[in-house]
Amino acid sequence: MFSKSKINEPGPKADETKAAADKSAPVPAPKPSMAPQSEFKASAPKAKPPASVLSSDLHVTGNLKTTGDIQIEGTIEGDIRAHLLTVGEGATVKGEVIADDVVVNGRIVGRVRGLKVRLTSTARVEGDIIHKTIAIESGAHFEGSVQRQDDPLNQGGKGAVPTASPKPTPSS
């Protein structure tokens, strides 16, 4: 009764009886196998969103804060907090930078705090760097001090971007 060719081929239009038999048995079988695949594909791409890019013609005055990634190609006058911060070759940041990963190809005037800090050969940094790990390529310009800390992101200090609520007052 059932053969491989009849199951895989669509039901013949001329013979309605065979078409009804083909539609009743084989059609439900492929749907369950297709539904999990399409559901899997829909839930699988939980990819990280792309970095926000601030173009070279953009000049921002003010602080930037995100849990995502930022790529700066323009000029920022203010503090920046991000997960991954990439400062492009033609970019300038005047303010404190706090990020898990900091890649500097351009210019930063201010303190840099990061778990991983990388100054490429085109980097120019004027300010202190507080890091867990650091890499400075040959040709990078750096004026300031370097300090290693196990948790450089959560250390308060002068000029730091406040990350916690104000200090509690005694209540007794």
Side-chain angles (χ1 to χ4, degrees), residues 32-171:
S33 66
M34 294 298 280
Q37 288 176 357
S38 63
E39 287 175 19
F40 178 74
K41 289 179 185 177
S43 64
K46 290 186 178 178
K48 193 173 173 183
S52 298
V53 179
L54 303 177
S55 67
S56 59
D57 63 340
L58 188 63
H59 181 101
V60 175
T61 303
N63 299 337
L64 302 176
K65 185 176 180 181
T66 182
T67 56
D69 302 345
I70 300 176
Q71 179 178 338
I72 297 174
E73 299 298 334
T75 302
I76 307 295
E77 291 182 32
D79 299 337
I80 301 172
R81 179 148 191 144
H83 171 67
L84 166 65
L85 175 69
T86 305
V87 180
E89 278 190 47
T92 300
V93 175
K94 294 181 181 179
E96 184 174 33
V97 167
I98 301 174
D100 293 338
D101 295 325
V102 181
V103 179
V104 184
N105 299 305
R107 184 172 181 225
I108 295 180
V109 179
R111 184 184 302 162
V112 176
R113 289 182 172 274
L115 295 174
K116 292 185 210 174
V117 177
R118 180 176 165 217
L119 307 183
T120 65
S121 61
T122 58
R124 296 191 182 292
V125 176
E126 298 171 31
D128 299 340
I129 298 176
I130 302 167
H131 64 89
K132 188 169 183 181
T133 62
I134 190 167
I136 303 175
E137 292 182 4
S138 178
H141 293 263
F142 170 62
E143 292 182 32
S145 67
V146 178
Q147 181 181 0
R148 188 199 176 281
Q149 292 183 358
D150 286 329
D151 192 8
L153 303 180
N154 295 323
Q155 299 296 322
K158 281 187 175 179
V161 176
T163 56
S165 60
K167 294 179 183 177
T169 57
S171 60

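Legend: salt bridge (charged side-chain N to carboxylate O under 4.0 Å, His left out) pairs involving residues 54-64, not counting sequence neighbours: none detected. Applying the salt bridge (charged side-chain N to carboxylate O under 4.0 Å, His left out) test to every pair with at least one member in residues 134-148, sequence neighbours left out, gives these pairs: Arg118-Glu137, Arg148-Asp150. For residues 124-134, the salt bridge (charged side-chain N to carboxylate O under 4.0 Å, His left out) pairs, not counting sequence neighbours, are Arg107-Glu126.
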Taking it one step at a time, do Val117 and Val146 satisfy side chain to side chain contact (heavy atoms under 4.5 Å, CB included)? CA-CA 11 Å; Val117 177; Val146 178; over 6 Å; no
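Partner of Glu96 under the side-chain contact (heavy atoms from CB on, under 4.5 Å) criterion, out of Asn63, Ile108, Asp79, Val112: Asp79 alone.
Once rounded to the nearest 0.5 Å, the distance linking CD of Gln71 with CG of Leu85 reads 9.5 Å. Residue Leu119 holds its CG atom at 5.0 Å from CD1 of Ile136, rounded to the nearest 0.5 Å.
Between Ala82 and Gly68, the closest heavy-atom pair is CB-O, 3.7 Å. Of all heavy-atom pairs between Arg111 and Ile130, the closest is CD-CD1, 3.8 Å. Contact record, Gly114 with Pro152: O-CG, 3.3 Å, taken as the closest heavy-atom pair.
Checked against side chain to side chain contact (heavy atoms under 4.5 Å, CB included), Leu54 has the following partners two or more places apart in sequence or in another chain: Leu58, Leu64, Ile70, Ile72, Ile76. The salt bridge (Lys or Arg N to Asp or Glu O under 4.0 Å) check on Asp100 picks up nothing, with sequence neighbours excluded. Here Gln147 pairs with nothing under the side-chain hydrogen bond (donor to acceptor under 3.5 Å, both in side chains) rule; sequence neighbours left out. Among residues two or more places apart in sequence or in another chain, the side-chain hydrogen bond (donor to acceptor under 3.5 Å, both in side chains) test is passed with Thr122 by Thr120.
A donor-acceptor pair under 3.5 Å is formed between the side chain of Thr133 and the backbone N or O of Leu115.
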Side-chain polar contacts of residues 88-95 - donor-acceptor pairs under 3.5 angstrom, sequence neighbours left out - could you list them?
none

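The side-chain heavy atoms of His83 and Thr67, taken from C-beta on, include no pair separated by under 4.5 Å.
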